[in-house]
S.K.: 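I have a structure here, written as structure tokens, and I will follow up with some questions on it.
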Number of protein chains: 2
Amino acid sequence: MTEAEIIRQIKTKGFKITSQRRAIIEALLVPDRPPTAQDVLEIVRDKYPYVSLDTVYRNINLLAEIGCVIKINLKNNEKSRFEILKHHHHHHLICLGCGEAVCLEKCLLDKHMDVLKDQGYKIVGHAFEIYGYCPSCCDTAE
Amino acid sequence: MTEAEIIRQIKTKGFKITSQRRAIIEALLVPDRPPTAQDVLEIVRDKYPYVSLDTVYRNINLLAEIGCVIKINLKNNEKSRFEILKHHHHHHLICLGCGEAVCLEKCLLDKHMDVLKDQGYKIVGHAFEIYGYCPSCCDTAE
DNA sequence: CCTCCAAACAAGAATATTCCTATTTAATAT
DNA sequence: ATATTAAATAGGAATATTCTTGTTTGGAGG
């Protein structure tokens, strides 16, 4: 998803475009690996020194709610990381060794959703994460 | 899983049985709906007034790691709730209306796991939660 | 262009959870 | 029973994230 597409989505849903919001979206696209809120703050502050961390969280959460960003919860109280949703809906394997989030090909959970919808539940979202060790961390493990 | 079975598991894995630990396990079984760490603390303190909240979290996390307890993450910064795993491995739908955690029948994620294991990943756990509204909260919603 | 109002903001307080350190204790070997 | 040691604990500090409050601002309508 490009910056322009995201901004269009935000407008469509009736939210406003502020300079901070725009800068946060751009910052999310800069780092190699999905950044933490703190990472985003530091990038944004190069341009807007008075942006608060709360604003970063508020905007990232908005982006997650409208489906433009995925929140990656690392275990053990590490900071969360946030990934702009480039292509399709997917989930992650989080390596407990190096902390890297590996994208899973495809979401296999639609079956669950369908059953619940039939039973009268209204589903608005889901979280799914796998914890383990990637092949190279398996090698170096004791 | 009964208290005795859990204690046996703890011993088997080389952890110690302390009076606080025992009391925490018992406290988890008391409330109707899965309790928060604070709920557990209050029950335990009836008997042991000097138990710390950290001890409750530490023990619940241990129980979760050895697979005796499931951690239920409610959205929006509500406190987590913890459920003694009575029967088989399963997940939850969390109602955003009333906050209730509905148990899902069965874990459909084994396919994912198998694929990853074939690729050399070592899987140690996963988190899966669905957010939505239960039928009665759907009725009362605007 | 000017007014208006909901949405967004900054700053700092609050919250849930974990970490740190010094002390105590369960289980094991003597 | 006693000594030993790693695990567990209490208490308080630290951390990530969200909430609160008063202020500012985007964008719709006149």
Side-chain angles (χ1 to χ4, degrees), chain A residues 6-25 27 34-42 44-45 47-66 69-82 94 96 99 127, chain B residues 6-25 27 34-42 44-45 47-66 69-82 94 96 99 127:
Chain A
I6 292 172
I7 287 180
R8 187 158 35 76
Q9 282 231 23
I10 292 174
K11 281 188 176 165
T12 301
K13 313 233 169 171
F15 300 107
K16 294 174 182 173
I17 308 301
T18 64
S19 52
Q20 293 98 326
R21 179 159 289 168
R22 199 182 283 270
I24 287 166
I25 295 168
T36 65
Q38 188 66 45
D39 295 339
V40 171
L41 182 68
E42 278 158 27
V44 169
R45 279 195 171 162
K47 241 177 150 177
Y48 301 95
Y50 296 110
V51 170
S52 75
L53 186 56
D54 178 63
T55 296
V56 173
Y57 275 111
R58 206 166 355 87
N59 277 285
I60 290 175
N61 283 339
L62 176 69
L63 292 170
E65 273 163 36
I66 67 176
V69 155
I70 288 187
K71 177 179 178 177
I72 304 169
N73 280 313
L74 302 179
K75 257 197 164 158
N76 290 335
N77 236 24
E78 284 183 64
K79 295 180 187 178
S80 296
R81 293 182 173 272
F82 301 93
I94 290 139
L96 298 172
Chain B
I6 293 171
I7 288 180
R8 187 159 35 76
Q9 282 232 23
I10 292 173
K11 280 189 177 163
T12 302
K13 313 232 166 170
F15 301 106
K16 295 175 181 172
I17 307 301
T18 64
S19 51
Q20 294 98 326
R21 178 159 290 169
R22 199 181 284 270
I24 287 166
I25 295 168
T36 65
Q38 187 66 45
D39 294 339
V40 171
L41 181 68
E42 277 158 28
V44 168
R45 279 196 171 162
K47 240 178 154 178
Y48 302 94
Y50 297 108
V51 169
S52 74
L53 188 54
D54 179 61
T55 296
V56 172
Y57 276 109
R58 205 167 355 88
N59 277 286
I60 291 176
N61 284 338
L62 176 70
L63 292 170
E65 273 163 35
I66 67 177
V69 155
I70 288 189
K71 177 178 178 178
I72 304 169
N73 280 313
L74 302 179
K75 258 199 162 155
N76 290 333
N77 234 23
E78 283 182 64
K79 294 181 188 178
S80 296
R81 291 179 175 273
F82 302 92
I94 290 138
L96 299 171

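Letters A, B, ... mirror the listed sequences (proteins, then strands); counts begin at 1. Since we're looking at a predicted model, the values are computed, not measured.
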S.K.: Could you tell me the separation between the CG atom of A/Leu62 and the CD atom of A/Glu65, rounded to the nearest 0.5 Å?
M.R.: 6.5 Å

S.K.: So which nucleotide from D/dG27, C/dA27, C/dA8 ends up closest to the side chain of B/Lys11?
M.R.: C/dA27

S.K.: Without decimals, in angstroms, what is the distance between A/Gln20 CD and D/dT25 C1'?
M.R.: 9 Å

S.K.: Are A/Leu63 and A/Ile10 packed together at the side-chain level, in the sense that at least one heavy-atom pair is separated by less than 4.5 angstrom?
M.R.: yes

S.K.: Using whole Å, report how far OH of B/Tyr50 lies from P of D/dA10.
M.R.: 11 Å

S.K.: Less than 4.5 Å apart, any side-chain heavy atom of A/Ile70 and any of A/Phe82?
M.R.: no

S.K.: From the set C/dA10, D/dT18, C/dT18, return the single nucleotide nearest to any side-chain atom of B/Asn61.
M.R.: C/dT18

S.K.: Using a distance-only criterion (donor-acceptor N/O pair, under 3.5 Å, no hydrogens), is the base of C/dC9 paired with the side chain of A/Asp54?
M.R.: no

S.K.: Using a distance-only test with no angle check, is there a side-chain donor-acceptor pair under 3.5 angstrom linking A/Arg22 and A/Ser19?
M.R.: no

S.K.: Rounded to whole angstrom units, what separation is found between the CD1 atom of A/Ile17 and the P atom of D/dT24?
M.R.: 22 Å

S.K.: OP1 or OP2 of C/dC9 less than 4.0 angstrom from a side-chain nitrogen or oxygen of A/Arg58, does that happen here?
M.R.: yes

S.K.: Send over the distance from A/Phe15 CZ to C/dA8 P, rounded to a whole Å.
M.R.: 6 Å

S.K.: Would you say D/dT9 has OP1 or OP2 under 4.0 Å from some side-chain N or O of B/Ser52?
M.R.: no

S.K.: Under 4.0 Å, heavy atoms only, any strand: does A/Leu53 hit a base, just the sugar-phosphate, or nothing?
M.R.: base

S.K.: Which part of the nucleic acid, if any, lies within reach of B/Gln38 when heavy atoms closer than 4.0 Å are counted: base, sugar-phosphate only, or nothing?
M.R.: nothing

S.K.: Answer yes or no: does a side-chain N or O of B/Thr18 lie under 4.0 Å from OP1 or OP2 of D/dT9?
M.R.: yes

S.K.: Which whole-number value in Å describes the distance from B/Arg22 CZ to D/dA8 C1'?
M.R.: 15 Å

S.K.: Round to the nearest Å and state the distance from A/Lys13 atom NZ to C/dA8 atom C1'.
M.R.: 19 Å

S.K.: Where the side chain of A/Tyr57 is defined as all heavy atoms beyond and including C-beta, which of D/dA16, C/dC9, C/dA26 is the nearest nucleotide?
M.R.: D/dA16

S.K.: Return the nearest nucleotide to the side chain of B/Ser80; candidates are D/dA16, D/dT9, C/dT17.
M.R.: C/dT17

S.K.: Please state how far atom OH in A/Tyr48 lies from atom C1' in C/dA8, giving the value in whole angstrom units.
M.R.: 14 Å

S.K.: Look at all strands and tell whether B/Arg21 reaches a base, only sugar-phosphate, or nothing, counting heavy atoms closer than 4.0 Å.
M.R.: sugar-phosphate

S.K.: Report the nucleotide, chosen from D/dG26, D/dT17, D/dT9, that has the shortest atom-to-atom distance to any side-chain atom of A/Lys79.
M.R.: D/dT17

S.K.: With respect to the side chain of A/Lys16, which nucleotide from D/dG26, D/dT9, D/dT18 is positioned closest?
M.R.: D/dG26

S.K.: Taking atom P of C/dC9 as reference, at what distance in whole Å does atom CD1 of A/Ile60 sit?
M.R.: 12 Å

S.K.: Considering only heavy atoms from C-beta outward, does the side chain of A/Gln20 approach that of A/Val44 to under 4.5 Å?
M.R.: no

S.K.: Are B/Arg21 and B/Phe15 side-chain neighbours, meaning at least one heavy-atom pair lies under 4.5 Å?
M.R.: yes

S.K.: Does A/Thr36 have a side-chain nitrogen or oxygen under 4.0 Å from the phosphate oxygens OP1 or OP2 of D/dA16?
M.R.: no

